[in-house]
Amino acid sequence: AATGERCPACGVAALAPGAQRDALLALAKRSILAKLRLPARPSVPQLPSRGARLTALRTVRAQRSDAAAAIPGMLRDGRVPPRSGPGLQEYEILSFAEPGSSTSHRARLHFRFSQEVAGSTEILQATLYLFWAARGRGAQPVTVRLLQPDPAGPNTTVLASETRLEVPRPGWSTLDVGAAVRSLFGHETPRLTVELEVPEDWGSPLPSDRGDSRWPFVVARAQARTPHRVHRR
Amino acid sequence: GVDCGADSRMCCRQEFFVDFKEIGWEDWIIQPEGYHMNYCAGLCPLHMAGIPGLAASFHTAVLNRIKAASAAAAVDSCCVPTQRRPLSLLYYDRDSNIVKTDIPDMIVDSCGCT
């Protein structure tokens, strides 16, 4: 405004350069937060360990290239074309386990999903990754229970499903948790609880340190819900 | 499309890079380091209407001169994005999950007159 310059297109007095920059930076922040459906920038309480992050990101990349090999018409950058509604915004979510109550051979893990994403997307796929260290000889039976928040009362859970895994050797094993996470996305607090139960003589089913790169995680793929359209004739 | 120069007055694309470190967002946005929030600015007199950017063939230029001479030349058209692409973000949400998403139509690649 000081320079008396006017916008050539609409004639409004041009902003001073500093004020214009601040206005554009504020616009960029508003625009990104609005598109991510976030009320404000997230304050990240506790970052997952670097090892766990790298392991999970490598897994997602490997999963994507496997999917590329499996699905014809794969997009160039490795994204799987959405099954329904091309052009809908897609999300890939890596959720790292929060340790819950545990005993010598049983452990609970919690996976939280943010309300912003849960409230505006639908789950296409969700996989739980668990690492088993070397234990005894031969295949070992492990029970994995998926628990969900009980609508009847806070901090109580109900059993959603129970799976017995035969762990043949040390390494990663996966479990499809798509149905459990999908039904969570309608809840007030979208939190998946996983209970692991191993044979008594195994010891804890979890790595000793949360910073371990073999810490359990869930990889979920979600897609923005198609906007609800009302057709009137 | 055309990128704006120091004294461009006609419709062009103005580059504007937002460095996430400069706005203190580098702790929750893992990738990329910033956002190209380019925008379109400049004049679109009617004889420029309908061509993507300023690059016009000789035939279009002659046609424009004829249009410019017409009485309706006083009405302008608008300088708008003609090509846009998604902004791919990898970020932490408030539960420390890592989320990757492609936000469609966030980066303007070229501008032109409606």
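Chain A is the first sequence line, chain B the second, and so forth, proteins listed ahead of strands; every chain is numbered from 1.
For a residue to count as touching a neighbouring chain, one of its non-hydrogen atoms must lie under 4.5 Å from one of that chain's; by this rule I30(B) does not touch chain A. For chain B, the nearby part of L38(A) is the side chain; its heavy atoms alone come within less than 4.5 Å.
The shortest distance between side-chain heavy atoms of K29(A) and I23(B) falls below 4.5 Å. Side chains of L25(A) and F16(B) form a contact here, defined as non-hydrogen atoms less than 4.5 Å apart. Annotation: side chain of I103(B) is in contact with side chain of Q89(A) (closest heavy-atom distance under 4.5 Å).
Here the straight-line distance linking atom CH2 of W28(B) with atom OG of S43(A) works out to 11.0 Å at 0.5 Å rounding. Remark: Y91(B) OH to I32(A) CD1 distance equals 11.0 Å, nearest 0.5 Å. Atom CZ in F113(A) sits 9.5 Å away from atom CG in D95(B) (nearest 0.5 Å). Taking OG1 of T101(B) as the start and CG of L36(A) as the end, the distance is 7.0 Å to the nearest 0.5 Å. Going from atom CZ of R94(B) over to atom CZ of R112(A) covers 10.5 Å, rounded to the nearest 0.5 Å. Rounded to the nearest 0.5 angstrom, I29(B) CD1 and R41(A) CZ are separated by 8.5 Å.
Salt bridge D105(B)/K35(A): absent, no basic N to carboxylate O contact under 4.0 Å. Taking the charged nitrogens against the carboxylate oxygens, K100(B) and E90(A) have no contact shorter than 4.0 Å, which rules out a salt bridge.
Atom CD of E33(B) has 12 or fewer neighbouring heavy atoms from other residues, nucleotides or ligands inside a 6.0 Å radius.
Annotation for N97(B) and S114(A): closest pair ND2-N, 4.4 Å, computed over non-hydrogen atoms.
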